[in-house]
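Here, residue 1 is the first one in the sequence, and each next residue gets the next number.
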Amino acid sequence: MLNEIEEFKAYTNKPVYKCSGKRDLSFLGRFSFEMMKDFTGLSRVLTIIARGYMFKNGTPDVNFARRALCAWCSIPDKKTAAPKEEWQFRTDFCDLHEEFPELVDKTGKGWFYRHVHKVERFITKNSENMSKTTLSNAEPLKTKFDAAWRDKVKQYQVSLYSPETKGAWVLRFDDVLADALELGPLADKTFAFSDDEKERIKTLLPDGLPYEVAETVIAYCIANKPDDSDYVILPVSNFDAYFGNTSFSHKWLNLFPDTLLERDKQSFGVCRVMRAFARYGTL
């Protein structure tokens, strides 16, 4: 979660689909089933992608980043779909294939669309190695994803200045691009705690909270604290995907004592952290 460059590759390179057992969800990549079904956590994903393309040539290119987002989100039109009018939002961006061959193919299947359907086919093909919960997640990806994702891609294109109610509380490409401009180029923010800091963290760990989880989360908060704010937004859904299960949001996050992580309650896949370990204040 601290190496944004590697995270960008996870969202744009060709995924590897493998499974060593019923508890192994590595075939999901840096996504969870919740992200695929409810689209929680995609704000960070899209922002990482936008930053990777926006600053690809040094000088920020907002239009280039917007086209990259469209390509990544592309979903082919239905065979029975009527031609789009100029004022209607498109969802099929097959025309961007030559510019972004890694993000959308010639038929308009974007990176995310392809990944979701490869996941559901992989689960079905390897059903003997899948848990009942995993198997139950494959069916909605197969039957419900397309319609929900097509609506979501239209929603992403709603203007920042739209007077309509539907544009008031939704994630839009405009929001993503604004965040990307503010955050700047992708960076590797990885750092290590000193031996003394590690020992102090370990003494504060409650039973059931793995040290590796605590260290990663605290390091993320320290590395991403804005200079002009006392708060850090913790992308809970993305941490679930990073750790490969929902233990983080359902169990581990609630175990953090205030002496390690002082935070608000989780809402819509994120939470606000007010203080994390010694570097935010006196421990």
Side-chain angles (χ1 to χ4, degrees), residues 1-11 16 18-35 40-41 43-45 47-48 131 133-134 183-184 186-283:
M1 289 295 291
L2 278 83
N3 190 333
E4 298 169 341
I5 299 169
E6 290 302 313
E7 188 174 357
F8 172 79
K9 292 178 181 178
Y11 302 144
V16 176
K18 60 182 180 179
C19 177
S20 61
K22 294 185 177 181
R23 293 187 178 183
D24 182 8
L25 298 178
S26 57
F27 58 87
L28 293 177
R30 287 289 289 267
F31 295 87
S32 64
F33 284 119
E34 286 72 17
M35 293 173 72
T40 55
S43 175
R44 176 178 175 83
V45 174
T47 302
I48 290 287
S131 66
T133 300
T134 298
L183 293 170
L186 299 174
D188 182 357
K189 300 180 180 179
T190 305
F191 72 90
F193 288 106
S194 67
D195 291 340
D196 178 61
E197 288 173 327
K198 290 180 180 180
E199 288 303 316
R200 294 168 70 194
I201 292 173
K202 289 177 181 178
T203 61
L204 296 170
L205 285 180
D207 292 339
L209 179 59
Y211 172 79
E212 293 76 14
V213 172
E215 181 184 61
T216 302
V217 173
I218 294 169
Y220 177 90
C221 293
I222 293 172
N224 288 279
K225 180 183 179 299
D227 293 333
D228 60 349
S229 175
D230 293 329
Y231 305 103
V232 178
I233 299 300
L234 188 69
V236 178
S237 295
N238 303 98
F239 268 100
D240 274 342
Y242 175 77
F243 290 123
N245 55 62
T246 57
S247 293
F248 178 70
S249 62
H250 292 172
K251 179 182 178 181
W252 295 333
L253 186 58
N254 293 326
L255 293 177
F256 274 88
D258 288 347
T259 47
L260 281 178
L261 198 76
E262 187 178 347
R263 62 182 180 85
D264 287 339
K265 292 183 179 180
Q266 177 186 344
S267 180
F268 299 105
V270 300
C271 69
R272 189 175 66 163
V273 174
M274 284 82 77
R275 188 174 69 88
F277 193 51
R279 300 190 189 186
Y280 275 159
T282 302
L283 186 61

Subject >> side-chain contact (heavy atoms from CB on, under 4.5 Å) between Leu253 and Val213, intermediate numbers included >> reply: CA-CA 9 Å; Leu253 186 58; Val213 172; over 6 Å; no
Original post:
Any idea which heavy atoms bring Cys221 and Val232 closest together, and the distance?
Top reply: O-CG2, 3.5 Å
**OP:** Run the ring-centre check on Phe31 versus Phe33 and record whether the distance is less than 6.0 Å.
**Re:** no
Original post:
At what distance, to the nearest 0.5 angstrom, does CD1 of Ile48 lie from OH of Tyr11?
Top reply: 6.5 Å
Original post:
How far does CH2 of Trp252 sit from CD of Glu212, to the nearest 0.5 angstrom?
Top reply: 9.5 Å
Subject >> Sidechain N-carboxylate O distance under 4.0 Å for Lys9, Glu6 >> reply: yes
Original post:
Are side-chain heavy atoms of Asn224 and Lys189 found at a separation under 4.5 Å?
Top reply: yes
**OP:** Show your reasoning for whether side-chain contact (heavy atoms from CB on, under 4.5 Å) applies to Lys18 and Ser26.
**Re:** CA-CA 7 Å; Lys18 60 182 180 179; Ser26 57; 4.0 Å; yes
Original post:
To the nearest 0.5 Å, how far apart are CG in Leu204 and CG in Leu261?
Top reply: 12.0 Å
Original post:
Between the side chains of Ser194 and Asp196, is a donor N or O closer than 3.5 angstrom to an acceptor N or O?
Top reply: no
Original post:
Which class fits the ring pair Phe248 and Phe243: parallel under 30°, tilted 30 to 60°, perpendicular over 60°?
Top reply: tilted
Original post:
Are side-chain heavy atoms of Pro206 and Pro257 found at a separation under 4.5 Å?
Top reply: yes
Subject >> Sidechain-backbone polar pair: Arg263 side chain, Phe256 backbone, donor-acceptor under 3.5 Å >> reply: no
Subject >> Stepwise side-chain contact (heavy atoms from CB on, under 4.5 Å) test for Asn238 and Tyr220 >> reply: CA-CA 12 Å; Asn238 303 98; Tyr220 177 90; over 6 Å; no
Subject >> Nearest non-hydrogen partners of Met35 and Ala241, listed with the distance >> reply: SD-CB, 3.8 Å
**OP:** List the atom of Leu255, the atom of Asp207, and the distance in Å for their closest heavy-atom pair.
**Re:** CD1-O, 3.9 Å
**OP:** For residues Arg44 and Ser237, determine if any side-chain heavy atom of one lies less than 4.5 Å from a side-chain heavy atom of the other.
**Re:** no
Original post:
From His250 NE2 over to Asp240 CG, what is the distance, rounded to the nearest 0.5 angstrom?
Top reply: 6.5 Å
Original post:
Shortest non-hydrogen contact from Met1 to Pro235?
Top reply: CE-CG, 3.8 Å
**OP:** Determine yes or no for a side-chain-to-main-chain donor-acceptor pair under 3.5 angstrom, with Lys198 supplying the side chain and Lys202 the backbone.
**Re:** no
Original post:
Any side-chain donor-acceptor pair under 3.5 Å between Ser249 and Thr246?
Top reply: no
**OP:** Would you please name every residue forming a salt bridge (charged side-chain N to carboxylate O under 4.0 Å, His left out) with Glu215, sequence neighbours left out?
**Re:** none
Subject >> Nearest atoms (heavy-atom pairs only) where Pro210 meets Gly208 >> reply: CD-O, 3.3 Å
Original post:
For the atom pair CG (Asp188) and CD1 (Ile5), what is the distance rounded to the nearest 0.5 Å?
Top reply: 6.0 Å
**OP:** Return yes when atom OH of Tyr242 has more than 12 non-hydrogen atoms of other residues, nucleotides or ligands closer than 6.0 Å, and no otherwise.
**Re:** no
Original post:
Going from OH on Tyr211 to CD1 on Ile201, what distance comes out if it is rounded to the nearest 0.5 angstrom?
Top reply: 4.5 Å
Original post:
Which atom names give the shortest non-hydrogen contact between Ala10 and Arg30, and what distance separates them?
Top reply: CB-CG, 3.5 Å
